[in-house]
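All chains are named by letter (A, B, ...) in the order of the sequence lines, taking the proteins before the strands, and each is independently numbered beginning at 1.
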Amino acid sequence: MKAALTALVVGLALLLMIPAASFLYEAGGPDACARCHEMGAAVGEWRHSTHRGVACSACHGDALTTDVRFHLTNAGRVIGHWRGEAGVKARLGPAQVREMLVRCRRCHEQEFASWSQGPHAVAYRSIFLDEKHNSSRHLMDDCLRCHGMHFEGGIRDLVEPLSRRGPWRLRRAELAEEPAIPCMTCHSIHRRGARHEDRRLEAKVPGPRQEKFRPSLAFFDRRSQAHVEAALLPLPAMHDRGRPVRISPDPRQALCYQCHAPLSTREVFSGDDRTPVGVHEGLSCLACHEKHRQTTRASCANCHPRLSNCGLDVEKMDTTFANRSSKHNIHTVKCADCHPKGVPPRRQRALTSAD
Amino acid sequence: MIPSSQIGGGSLKRRTFLASSAAAAAAGCGRKPAAAPGYRFLTPEEADTLGAWVDTLIPPDEDPGAREAGVVHYIDIQLTRWFRKHQSDYRAALSAIDRWSWSRRGRAFALLPLAEREELLVQMEKGKAPRDLFPDGGRAAFDLVLAHAMQGFYGNPRHGGNRGYASWKMIGVPPMPVRGREHYSAAETFPERS
(Lines give C-alpha, C1' and ligand atoms only; values in the text may rest on other atoms or scores of the structure.)
Protein backbone atom coordinates (compact mmCIF):
# COMPACT_ATOMS: atom_id res chain seq x y z
CA MET A 1 0.00 0.00 0.00
CA LYS A 2 2.79 2.34 1.00
CA ALA A 3 4.78 1.49 -2.13
CA ALA A 4 1.73 2.12 -4.31
CA LEU A 5 1.18 5.48 -2.67
CA THR A 6 4.83 6.42 -3.18
CA ALA A 7 4.65 5.37 -6.83
CA LEU A 8 1.48 7.44 -7.24
CA VAL A 9 3.10 10.52 -5.72
CA VAL A 10 6.25 10.10 -7.83
CA GLY A 11 4.16 9.54 -10.97
CA LEU A 12 2.09 12.62 -10.23
CA ALA A 13 5.23 14.67 -9.65
CA LEU A 14 6.70 13.49 -12.96
CA LEU A 15 3.44 14.31 -14.72
CA LEU A 16 3.46 17.81 -13.29
CA MET A 17 7.05 18.28 -14.37
CA ILE A 18 6.03 18.03 -18.05
CA PRO A 19 4.28 21.43 -18.19
CA ALA A 20 6.82 22.87 -15.72
CA ALA A 21 9.01 24.07 -18.58
CA SER A 22 6.02 25.79 -20.12
CA PHE A 23 5.36 27.51 -16.79
CA LEU A 24 9.01 28.52 -16.70
CA TYR A 25 8.79 30.15 -20.12
CA GLU A 26 5.69 32.16 -19.44
CA ALA A 27 6.34 33.04 -15.81
CA GLY A 28 7.40 36.57 -16.74
CA GLY A 29 5.78 37.21 -20.12
CA PRO A 30 7.95 37.67 -23.24
CA ASP A 31 11.00 38.50 -21.13
CA ALA A 32 10.83 35.06 -19.58
CA CYS A 33 10.93 33.53 -23.06
CA ALA A 34 13.92 35.72 -23.94
CA ARG A 35 15.90 34.58 -20.92
CA CYS A 36 17.22 31.72 -23.00
CA HIS A 37 19.82 32.90 -25.52
CA GLU A 38 18.26 30.92 -28.34
CA MET A 39 14.89 32.62 -27.74
CA GLY A 40 16.34 36.12 -27.57
CA ALA A 41 16.48 36.74 -31.33
CA ALA A 42 12.94 35.50 -31.91
CA VAL A 43 11.52 37.61 -29.07
CA GLY A 44 13.53 40.62 -30.27
CA GLU A 45 12.08 40.30 -33.77
CA TRP A 46 8.60 39.80 -32.38
CA ARG A 47 8.84 43.05 -30.38
CA HIS A 48 9.16 45.01 -33.63
CA SER A 49 6.75 42.95 -35.68
CA THR A 50 3.15 43.63 -36.63
CA HIS A 51 2.25 40.82 -34.25
CA ARG A 52 3.81 42.53 -31.24
CA GLY A 53 0.36 42.96 -29.73
CA VAL A 54 -0.22 39.21 -29.80
CA ALA A 55 1.09 37.36 -26.74
CA CYS A 56 3.56 34.49 -27.20
CA SER A 57 1.03 32.07 -25.77
CA ALA A 58 -1.61 32.98 -28.37
CA CYS A 59 0.46 31.31 -31.08
CA HIS A 60 2.86 29.05 -29.20
CA GLY A 61 0.52 27.67 -26.52
CA ASP A 62 0.79 27.94 -22.76
CA ALA A 63 1.03 25.81 -19.65
CA LEU A 64 -2.62 24.82 -20.00
CA THR A 65 -2.17 23.50 -23.55
CA THR A 66 -3.38 19.91 -23.61
CA ASP A 67 -0.95 18.74 -26.29
CA VAL A 68 1.67 16.63 -24.50
CA ARG A 69 4.13 17.00 -27.43
CA PHE A 70 4.13 20.74 -26.90
CA HIS A 71 5.20 20.36 -23.28
CA LEU A 72 7.74 17.67 -24.11
CA THR A 73 9.28 19.96 -26.74
CA ASN A 74 9.54 22.77 -24.19
CA ALA A 75 11.02 20.43 -21.61
CA GLY A 76 13.52 19.23 -24.22
CA ARG A 77 14.50 22.83 -24.99
CA VAL A 78 15.06 23.63 -21.32
CA ILE A 79 17.18 20.51 -20.85
CA GLY A 80 19.13 21.30 -24.02
CA HIS A 81 19.70 24.83 -22.76
CA TRP A 82 20.98 23.67 -19.38
CA ARG A 83 23.27 21.15 -21.02
CA GLY A 84 24.69 23.83 -23.30
CA GLU A 85 23.38 22.13 -26.42
CA ALA A 86 21.01 24.89 -27.46
CA GLY A 87 20.89 25.73 -31.15
CA VAL A 88 21.65 29.14 -32.62
CA LYS A 89 17.99 30.09 -32.69
CA ALA A 90 14.81 28.42 -31.51
CA ARG A 91 12.48 27.57 -34.36
CA LEU A 92 9.20 25.82 -34.93
CA GLY A 93 9.20 22.18 -35.90
CA PRO A 94 7.04 20.87 -38.78
CA ALA A 95 4.25 19.76 -36.45
CA GLN A 96 4.15 23.21 -34.87
CA VAL A 97 4.12 24.87 -38.28
CA ARG A 98 1.03 22.84 -39.14
CA GLU A 99 -0.58 23.78 -35.83
CA MET A 100 0.05 27.42 -36.64
CA LEU A 101 -2.54 27.18 -39.42
CA VAL A 102 -5.32 27.03 -36.86
CA ARG A 103 -3.85 29.95 -34.97
CA CYS A 104 -3.44 32.06 -38.11
CA ARG A 105 -7.07 31.35 -38.96
CA ARG A 106 -8.31 32.77 -35.67
CA CYS A 107 -7.51 36.30 -36.81
CA HIS A 108 -7.06 35.97 -40.59
CA GLU A 109 -10.26 34.11 -41.42
CA GLN A 110 -10.77 35.65 -44.85
CA GLU A 111 -7.19 35.05 -45.96
CA PHE A 112 -7.32 31.51 -44.62
CA ALA A 113 -10.57 30.78 -46.47
CA SER A 114 -9.08 32.12 -49.72
CA TRP A 115 -5.86 30.14 -49.30
CA SER A 116 -7.66 26.91 -48.44
CA GLN A 117 -9.64 27.08 -51.71
CA GLY A 118 -6.59 27.87 -53.81
CA PRO A 119 -3.86 25.71 -55.33
CA HIS A 120 -1.36 26.53 -52.58
CA ALA A 121 -3.43 24.59 -50.04
CA VAL A 122 -2.44 21.42 -51.89
CA ALA A 123 -1.88 18.39 -49.67
CA TYR A 124 1.29 16.27 -49.43
CA ARG A 125 -0.58 13.38 -51.05
CA SER A 126 -1.47 15.38 -54.16
CA ILE A 127 2.08 16.61 -54.62
CA PHE A 128 4.21 13.63 -53.78
CA LEU A 129 1.94 10.81 -54.95
CA ASP A 130 1.07 12.36 -58.32
CA GLU A 131 1.39 9.43 -60.72
CA LYS A 132 1.73 11.59 -63.82
CA HIS A 133 4.60 13.52 -62.29
CA ASN A 134 6.34 10.64 -60.56
CA SER A 135 6.30 8.42 -63.63
CA SER A 136 7.93 11.07 -65.80
CA ARG A 137 10.11 13.09 -63.38
CA HIS A 138 12.53 12.05 -60.66
CA LEU A 139 11.55 12.73 -57.09
CA MET A 140 14.43 14.59 -55.47
CA ASP A 141 15.34 16.60 -52.41
CA ASP A 142 14.95 19.80 -54.41
CA CYS A 143 11.19 19.10 -54.62
CA LEU A 144 11.11 20.02 -50.93
CA ARG A 145 12.35 23.53 -51.71
CA CYS A 146 8.84 24.52 -52.80
CA HIS A 147 6.63 21.72 -51.46
CA GLY A 148 6.71 20.37 -47.92
CA MET A 149 9.57 22.76 -47.15
CA HIS A 150 9.03 22.40 -43.41
CA PHE A 151 9.44 18.63 -43.54
CA GLU A 152 12.39 17.50 -41.47
CA GLY A 153 14.24 15.02 -43.61
CA GLY A 154 14.97 14.31 -47.24
CA ILE A 155 12.72 13.05 -49.99
CA ARG A 156 13.64 9.45 -49.18
CA ASP A 157 12.27 9.97 -45.69
CA LEU A 158 8.98 11.10 -47.19
CA VAL A 159 8.19 9.00 -50.28
CA GLU A 160 8.97 5.49 -51.40
CA PRO A 161 9.97 4.08 -53.79
CA LEU A 162 12.20 6.76 -55.29
CA SER A 163 11.77 5.52 -58.81
CA ARG A 164 9.52 6.16 -61.78
CA ARG A 165 7.68 2.96 -61.08
CA GLY A 166 4.98 3.15 -58.46
CA PRO A 167 2.94 2.59 -56.59
CA TRP A 168 4.24 5.38 -54.39
CA ARG A 169 3.35 5.86 -50.78
CA LEU A 170 4.15 8.38 -48.10
CA ARG A 171 6.41 6.99 -45.42
CA ARG A 172 4.75 9.45 -43.07
CA ALA A 173 1.13 8.56 -43.74
CA GLU A 174 -0.15 11.14 -41.25
CA LEU A 175 1.06 13.89 -43.59
CA ALA A 176 -1.11 12.78 -46.50
CA GLU A 177 -3.83 15.40 -46.05
CA GLU A 178 -1.60 18.06 -44.49
CA PRO A 179 -0.97 21.19 -46.58
CA ALA A 180 2.40 21.12 -48.32
CA ILE A 181 2.58 24.91 -48.63
CA PRO A 182 1.31 26.30 -45.30
CA CYS A 183 1.02 29.98 -44.31
CA MET A 184 4.58 30.08 -43.01
CA THR A 185 5.98 29.36 -46.44
CA CYS A 186 5.34 32.95 -47.52
CA HIS A 187 4.83 34.69 -44.19
CA SER A 188 7.30 35.30 -41.42
CA ILE A 189 5.28 36.08 -38.33
CA HIS A 190 8.09 37.80 -36.44
CA ARG A 191 9.11 40.00 -39.36
CA ARG A 192 9.79 43.63 -38.49
CA GLY A 193 7.06 45.93 -39.73
CA ALA A 194 4.77 48.82 -39.06
CA ARG A 195 1.07 48.74 -38.50
CA HIS A 196 -0.90 48.78 -41.73
CA GLU A 197 -2.56 51.81 -43.16
CA ASP A 198 -6.31 51.87 -43.35
CA ARG A 199 -6.86 49.42 -46.19
CA ARG A 200 -10.24 50.93 -47.05
CA LEU A 201 -8.31 53.80 -48.59
CA GLU A 202 -6.44 51.60 -51.02
CA ALA A 203 -8.90 51.67 -53.86
CA LYS A 204 -9.64 55.35 -53.49
CA VAL A 205 -6.33 56.94 -52.71
CA PRO A 206 -3.47 55.27 -54.55
CA GLY A 207 -0.09 56.61 -53.54
CA PRO A 208 2.28 56.46 -50.62
CA ARG A 209 -0.44 55.35 -48.24
CA GLN A 210 -1.32 52.40 -50.42
CA GLU A 211 -0.10 49.11 -49.11
CA LYS A 212 2.80 47.85 -51.20
CA PHE A 213 3.24 44.56 -49.50
CA ARG A 214 2.81 42.98 -46.13
CA PRO A 215 5.93 43.21 -44.00
CA SER A 216 5.46 39.55 -43.14
CA LEU A 217 6.01 38.54 -46.78
CA ALA A 218 9.09 36.34 -46.83
CA PHE A 219 10.10 33.06 -48.38
CA PHE A 220 11.00 30.13 -46.14
CA ASP A 221 14.52 29.03 -47.04
CA ARG A 222 14.64 25.35 -46.24
CA ARG A 223 18.45 25.25 -46.24
CA SER A 224 18.75 27.98 -43.66
CA GLN A 225 15.52 27.09 -41.86
CA ALA A 226 14.77 30.81 -41.88
CA HIS A 227 12.67 33.29 -43.80
CA VAL A 228 14.19 35.63 -46.37
CA GLU A 229 12.18 38.83 -46.54
CA ALA A 230 10.53 39.63 -49.87
CA ALA A 231 12.55 42.82 -50.33
CA LEU A 232 15.77 40.75 -50.44
CA LEU A 233 14.51 38.29 -53.03
CA PRO A 234 15.71 38.91 -56.59
CA LEU A 235 13.59 39.53 -59.66
CA PRO A 236 15.21 37.77 -62.61
CA ALA A 237 16.24 39.59 -65.81
CA MET A 238 14.06 37.73 -68.30
CA HIS A 239 14.48 37.31 -72.05
CA ASP A 240 12.15 36.29 -74.86
CA ARG A 241 14.22 34.80 -77.68
CA GLY A 242 16.98 37.28 -77.03
CA ARG A 243 14.75 40.28 -76.39
CA PRO A 244 14.84 41.65 -72.82
CA VAL A 245 11.41 41.32 -71.27
CA ARG A 246 9.99 44.11 -69.16
CA ILE A 247 8.86 42.77 -65.80
CA SER A 248 6.96 44.49 -63.04
CA PRO A 249 9.08 45.87 -60.21
CA ASP A 250 6.45 44.64 -57.73
CA PRO A 251 8.61 43.08 -54.97
CA ARG A 252 5.82 40.70 -53.99
CA GLN A 253 6.20 38.67 -57.17
CA ALA A 254 9.78 37.87 -56.16
CA LEU A 255 8.14 35.26 -53.95
CA CYS A 256 6.34 33.78 -56.96
CA TYR A 257 9.61 33.61 -58.89
CA GLN A 258 11.21 31.49 -56.17
CA CYS A 259 9.13 28.50 -57.20
CA HIS A 260 7.60 29.46 -60.53
CA ALA A 261 11.16 29.98 -61.67
CA PRO A 262 12.78 30.10 -65.11
CA LEU A 263 15.81 27.99 -65.95
CA SER A 264 19.25 29.56 -65.79
CA THR A 265 18.80 30.80 -69.38
CA ARG A 266 16.16 33.19 -67.99
CA GLU A 267 14.08 32.50 -71.10
CA VAL A 268 10.39 33.19 -70.56
CA PHE A 269 8.32 30.03 -70.04
CA SER A 270 11.40 27.90 -69.40
CA GLY A 271 11.16 25.76 -66.27
CA ASP A 272 7.98 26.79 -64.50
CA ASP A 273 8.16 30.43 -65.51
CA ARG A 274 4.95 32.34 -66.22
CA THR A 275 6.29 35.82 -66.97
CA PRO A 276 3.72 37.56 -69.16
CA VAL A 277 4.77 38.76 -72.61
CA GLY A 278 2.65 40.33 -75.33
CA VAL A 279 -0.01 42.85 -74.34
CA HIS A 280 0.32 41.98 -70.65
CA GLU A 281 4.08 42.32 -70.51
CA GLY A 282 5.18 44.25 -67.44
CA LEU A 283 2.21 43.31 -65.29
CA SER A 284 2.82 41.84 -61.87
CA CYS A 285 1.56 38.33 -61.12
CA LEU A 286 -0.61 39.92 -58.44
CA ALA A 287 -2.19 42.34 -60.88
CA CYS A 288 -4.34 39.42 -61.99
CA HIS A 289 -3.92 36.67 -59.40
CA GLU A 290 -5.65 37.00 -56.05
CA LYS A 291 -3.08 36.90 -53.24
CA HIS A 292 -4.18 33.80 -51.38
CA ARG A 293 -6.52 31.99 -53.73
CA GLN A 294 -4.55 32.77 -56.91
CA THR A 295 -7.78 33.01 -58.88
CA THR A 296 -7.93 35.52 -61.72
CA ARG A 297 -11.70 35.70 -61.88
CA ALA A 298 -12.92 39.14 -62.98
CA SER A 299 -9.41 40.55 -62.77
CA CYS A 300 -9.67 41.71 -66.43
CA ALA A 301 -12.25 44.23 -65.30
CA ASN A 302 -9.59 45.92 -63.18
CA CYS A 303 -8.15 47.49 -66.34
CA HIS A 304 -10.08 46.75 -69.51
CA PRO A 305 -13.34 48.66 -69.24
CA ARG A 306 -11.26 51.80 -68.97
CA LEU A 307 -8.27 51.03 -71.16
CA SER A 308 -9.30 48.62 -73.87
CA ASN A 309 -9.67 50.14 -77.33
CA CYS A 310 -10.55 46.91 -79.08
CA GLY A 311 -14.22 46.79 -78.27
CA LEU A 312 -13.87 43.12 -77.31
CA ASP A 313 -15.57 41.65 -74.28
CA VAL A 314 -12.43 40.28 -72.71
CA GLU A 315 -14.42 38.59 -69.96
CA LYS A 316 -15.82 36.18 -72.54
CA MET A 317 -12.52 35.32 -74.22
CA ASP A 318 -10.94 32.01 -73.36
CA THR A 319 -7.72 33.22 -71.83
CA THR A 320 -6.92 30.08 -69.91
CA PHE A 321 -3.25 29.31 -70.32
CA ALA A 322 -3.89 25.70 -69.38
CA ASN A 323 -6.23 25.28 -72.37
CA ARG A 324 -3.97 24.27 -75.23
CA SER A 325 -6.52 25.24 -77.87
CA SER A 326 -6.93 28.75 -76.50
CA LYS A 327 -5.67 31.43 -78.87
CA HIS A 328 -5.69 33.99 -76.14
CA ASN A 329 -3.34 32.54 -73.56
CA ILE A 330 -3.34 35.33 -71.06
CA HIS A 331 0.45 35.10 -70.52
CA THR A 332 1.32 35.36 -74.21
CA VAL A 333 -1.58 37.01 -76.04
CA LYS A 334 -0.45 39.79 -78.33
CA CYS A 335 -2.18 42.23 -80.70
CA ALA A 336 -1.36 40.14 -83.77
CA ASP A 337 -3.31 37.18 -82.35
CA CYS A 338 -6.55 39.08 -83.05
CA HIS A 339 -5.23 41.15 -85.94
CA PRO A 340 -3.50 38.60 -88.16
CA LYS A 341 -3.50 41.01 -91.09
CA GLY A 342 -1.78 43.69 -89.11
CA VAL A 343 -2.63 45.85 -86.19
CA PRO A 344 -4.72 48.83 -87.26
CA PRO A 345 -3.26 52.26 -86.57
CA ARG A 346 -4.29 53.60 -83.22
CA ARG A 347 -7.36 55.77 -83.61
CA GLN A 348 -6.68 59.41 -82.95
CA ARG A 349 -8.47 60.63 -79.92
CA ALA A 350 -10.99 63.41 -80.47
CA LEU A 351 -8.65 65.92 -79.01
CA THR A 352 -8.20 67.86 -82.22
CA SER A 353 -11.80 69.14 -82.17
CA ALA A 354 -11.38 70.18 -78.57
CA ASP A 355 -8.17 71.97 -79.48
CA MET B 1 40.61 44.79 21.77
CA ILE B 2 37.24 43.49 20.73
CA PRO B 3 36.51 40.08 22.17
CA SER B 4 36.17 37.43 19.55
CA SER B 5 32.73 36.50 20.87
CA GLN B 6 31.41 39.90 19.75
CA ILE B 7 32.42 39.47 16.16
CA GLY B 8 30.92 36.05 15.93
CA GLY B 9 34.19 34.30 15.58
CA GLY B 10 34.45 32.70 18.91
CA SER B 11 34.93 29.22 17.60
CA LEU B 12 36.84 30.13 14.41
CA LYS B 13 40.47 29.17 14.67
CA ARG B 14 43.05 31.01 12.61
CA ARG B 15 44.08 27.83 10.83
CA THR B 16 40.45 27.03 9.99
CA PHE B 17 39.91 30.55 8.68
CA LEU B 18 42.95 30.36 6.41
CA ALA B 19 41.95 26.96 5.12
CA SER B 20 38.39 28.17 4.40
CA SER B 21 39.68 31.28 2.66
CA ALA B 22 42.01 29.25 0.50
CA ALA B 23 39.19 26.89 -0.42
CA ALA B 24 36.87 29.80 -1.28
CA ALA B 25 39.54 31.43 -3.40
CA ALA B 26 40.17 28.18 -5.22
CA ALA B 27 36.48 27.72 -5.83
CA GLY B 28 36.26 31.31 -7.04
CA CYS B 29 39.09 30.76 -9.48
CA GLY B 30 37.39 27.68 -10.88
CA ARG B 31 34.11 29.47 -11.62
CA LYS B 32 33.39 30.58 -15.13
CA PRO B 33 33.14 34.37 -15.52
CA ALA B 34 29.56 35.52 -16.04
CA ALA B 35 28.65 36.00 -19.70
CA ALA B 36 27.40 39.38 -20.85
CA PRO B 37 23.61 39.77 -21.22
CA GLY B 38 22.58 38.20 -24.52
CA TYR B 39 25.86 36.31 -24.79
CA ARG B 40 26.67 32.71 -23.96
CA PHE B 41 30.37 32.79 -23.22
CA LEU B 42 31.97 36.22 -23.56
CA THR B 43 32.01 38.61 -20.61
CA PRO B 44 30.98 42.26 -21.28
CA GLU B 45 34.65 43.33 -21.46
CA GLU B 46 35.57 40.45 -23.75
CA ALA B 47 32.63 41.19 -26.04
CA ASP B 48 33.72 44.83 -26.30
CA THR B 49 37.32 43.90 -27.00
CA LEU B 50 36.37 41.31 -29.59
CA GLY B 51 33.94 43.75 -31.20
CA ALA B 52 36.72 46.31 -31.58
CA TRP B 53 39.06 43.61 -32.90
CA VAL B 54 36.73 42.35 -35.62
CA ASP B 55 35.65 45.89 -36.50
CA THR B 56 39.32 46.65 -37.15
CA LEU B 57 39.51 43.68 -39.50
CA ILE B 58 36.23 44.53 -41.27
CA PRO B 59 35.49 48.17 -40.48
CA PRO B 60 32.09 49.74 -41.20
CA ASP B 61 31.77 52.12 -44.14
CA GLU B 62 28.63 52.55 -46.21
CA ASP B 63 28.01 48.89 -45.36
CA PRO B 64 27.94 47.40 -41.86
CA GLY B 65 31.20 46.37 -40.25
CA ALA B 66 31.86 43.03 -38.61
CA ARG B 67 30.42 43.99 -35.23
CA GLU B 68 27.20 45.35 -36.69
CA ALA B 69 26.90 42.26 -38.86
CA GLY B 70 26.81 40.11 -35.73
CA VAL B 71 30.29 38.59 -35.94
CA VAL B 72 30.82 38.85 -32.17
CA HIS B 73 27.55 37.01 -31.59
CA TYR B 74 28.56 34.39 -34.14
CA ILE B 75 31.87 33.74 -32.40
CA ASP B 76 30.20 33.77 -28.98
CA ILE B 77 27.59 31.21 -30.04
CA GLN B 78 30.13 28.98 -31.74
CA LEU B 79 32.44 29.13 -28.70
CA THR B 80 29.77 27.07 -26.94
CA ARG B 81 29.40 24.77 -29.93
CA TRP B 82 31.94 24.03 -32.67
CA PHE B 83 34.64 26.39 -31.36
CA ARG B 84 34.50 25.00 -27.82
CA LYS B 85 38.14 23.98 -28.03
CA HIS B 86 39.11 27.62 -28.66
CA GLN B 87 37.49 28.96 -25.48
CA SER B 88 40.78 29.27 -23.62
CA ASP B 89 42.54 30.69 -26.70
CA TYR B 90 39.96 33.48 -26.94
CA ARG B 91 39.99 34.20 -23.22
CA ALA B 92 43.79 34.44 -23.25
CA ALA B 93 44.04 36.47 -26.47
CA LEU B 94 41.38 39.00 -25.49
CA SER B 95 42.97 39.48 -22.09
CA ALA B 96 46.44 39.80 -23.61
CA ILE B 97 45.54 42.37 -26.25
CA ASP B 98 43.73 44.45 -23.65
CA ARG B 99 46.78 44.38 -21.32
CA TRP B 100 49.01 45.28 -24.25
CA SER B 101 46.75 48.18 -25.14
CA TRP B 102 46.76 49.46 -21.53
CA SER B 103 50.54 49.22 -21.28
CA ARG B 104 51.21 50.82 -24.66
CA ARG B 105 48.36 53.32 -25.06
CA GLY B 106 46.98 53.65 -21.55
CA ARG B 107 43.50 52.66 -22.64
CA ALA B 108 41.47 49.53 -23.18
CA PHE B 109 41.73 48.11 -26.71
CA ALA B 110 38.02 48.72 -27.29
CA LEU B 111 38.52 52.44 -26.64
CA LEU B 112 41.41 52.95 -29.07
CA PRO B 113 40.79 54.73 -32.38
CA LEU B 114 40.80 52.57 -35.50
CA ALA B 115 44.33 53.54 -36.58
CA GLU B 116 45.84 52.54 -33.23
CA ARG B 117 43.93 49.28 -33.11
CA GLU B 118 45.11 48.56 -36.63
CA GLU B 119 48.70 49.25 -35.60
CA LEU B 120 48.53 46.66 -32.81
CA LEU B 121 46.90 44.07 -35.07
CA VAL B 122 49.51 44.63 -37.77
CA GLN B 123 52.19 43.84 -35.18
CA MET B 124 50.32 40.66 -34.28
CA GLU B 125 49.94 39.68 -37.92
CA LYS B 126 53.71 39.99 -38.31
CA GLY B 127 54.26 37.99 -35.10
CA LYS B 128 55.88 40.98 -33.41
CA ALA B 129 53.58 41.35 -30.41
CA PRO B 130 55.25 41.14 -26.94
CA ARG B 131 56.28 37.56 -26.25
CA ASP B 132 55.29 37.81 -22.60
CA LEU B 133 51.68 38.34 -23.73
CA PHE B 134 51.65 36.24 -26.90
CA PRO B 135 54.21 33.40 -26.88
CA ASP B 136 54.27 33.28 -30.70
CA GLY B 137 54.19 37.01 -31.19
CA GLY B 138 50.40 37.07 -31.70
CA ARG B 139 50.25 35.41 -35.10
CA ALA B 140 48.12 32.45 -34.03
CA ALA B 141 45.57 34.62 -32.21
CA PHE B 142 45.41 37.01 -35.16
CA ASP B 143 44.81 34.18 -37.64
CA LEU B 144 42.20 32.56 -35.41
CA VAL B 145 40.11 35.71 -34.98
CA LEU B 146 40.52 36.65 -38.66
CA ALA B 147 39.29 33.23 -39.82
CA HIS B 148 36.30 33.29 -37.48
CA ALA B 149 35.48 36.90 -38.35
CA MET B 150 35.42 36.02 -42.05
CA GLN B 151 33.18 33.03 -41.37
CA GLY B 152 30.80 35.11 -39.26
CA PHE B 153 30.72 37.97 -41.76
CA TYR B 154 30.36 36.03 -44.99
CA GLY B 155 28.66 32.84 -43.80
CA ASN B 156 24.99 31.99 -43.74
CA PRO B 157 23.02 33.91 -41.09
CA ARG B 158 21.69 30.64 -39.75
CA HIS B 159 24.97 30.24 -37.87
CA GLY B 160 24.47 33.48 -35.96
CA GLY B 161 26.50 36.00 -38.02
CA ASN B 162 26.00 37.99 -41.24
CA ARG B 163 23.03 39.74 -39.64
CA GLY B 164 20.42 40.75 -42.21
CA TYR B 165 22.60 39.27 -44.99
CA ALA B 166 24.84 42.32 -44.57
CA SER B 167 27.81 40.96 -46.51
CA TRP B 168 25.74 39.29 -49.20
CA LYS B 169 23.94 42.57 -49.84
CA MET B 170 27.32 44.29 -49.99
CA ILE B 171 28.71 41.99 -52.66
CA GLY B 172 25.39 41.65 -54.49
CA VAL B 173 24.67 38.00 -53.78
CA PRO B 174 20.93 37.38 -53.40
CA PRO B 175 20.08 35.38 -50.28
CA MET B 176 17.84 33.18 -52.41
CA PRO B 177 18.80 33.01 -56.09
CA VAL B 178 16.08 32.17 -58.59
CA ARG B 179 16.63 28.50 -59.41
CA GLY B 180 14.35 26.89 -61.94
CA ARG B 181 13.94 23.24 -62.79
CA GLU B 182 12.68 21.51 -65.86
CA HIS B 183 9.59 20.25 -64.06
CA TYR B 184 7.38 20.99 -67.02
CA SER B 185 8.37 21.28 -70.62
CA ALA B 186 7.40 24.40 -72.49
CA ALA B 187 5.94 22.19 -75.22
CA GLU B 188 3.29 20.90 -72.82
CA THR B 189 2.20 24.23 -71.46
CA PHE B 190 2.88 26.53 -74.38
CA PRO B 191 2.55 24.37 -77.50
CA GLU B 192 2.40 27.38 -79.80
CA ARG B 193 5.94 28.35 -78.76
CA SER B 194 7.54 24.98 -79.32
Whatever's closer than 4.5 Å to a heavy atom in chain B on Arg223(A) counts as both
Please list all pairs passing the ring-ring contact (aromatic ring centres under 6.0 Å, His included) test where one or both residues lie in residues 221-256 of chain A, with sequence neighbours left out.
-> Phe220(A)-His227(A)
Taking all non-hydrogen atoms of both residues, which atom of Val228(A) and which atom of Pro175(B) are closest, and how far apart?
-> CG1-CB, 3.7 Å
Rounded to the nearest 0.5 Å, what separation is found between the CE atom of Met176(B) and the CG atom of Asp221(A)?
-> 4.0 Å
Closest heavy-atom pair, Pro234(A) versus Pro174(B), reported as atoms and distance to 0.1 Å, is CG-CB, 3.7 Å
Selection from Ser264(A), Ala261(A), Ser224(A) maximising heavy-atom pairs under 4.5 Å formed with chain B = Ser224(A)
When rounded to the nearest 0.5 angstrom, what is the spacing between CG in Asp142(A) and CZ in Arg179(B)?
-> 5.5 Å
Sequence neighbours excluded, the answer for side-chain hydrogen bond (donor to acceptor under 3.5 Å, both in side chains) partners of His187(A) is Ser216(A)
Might you point out which heavy atoms bring Tyr257(A) and Val178(B) nearest each other, and give the distance in Å?
-> O-CG1, 3.7 Å
Quick one: which residues of residues 142-160 of chain B reach chain A at under 4.5 angstrom, heavy atoms only?
-> Asn156(B), Arg158(B), His159(B), Gly160(B)
Is any residue of residues 42-77 of chain B within less than 4.5 Å of chain A by heavy atoms, and which ones?
-> Ile77(B)
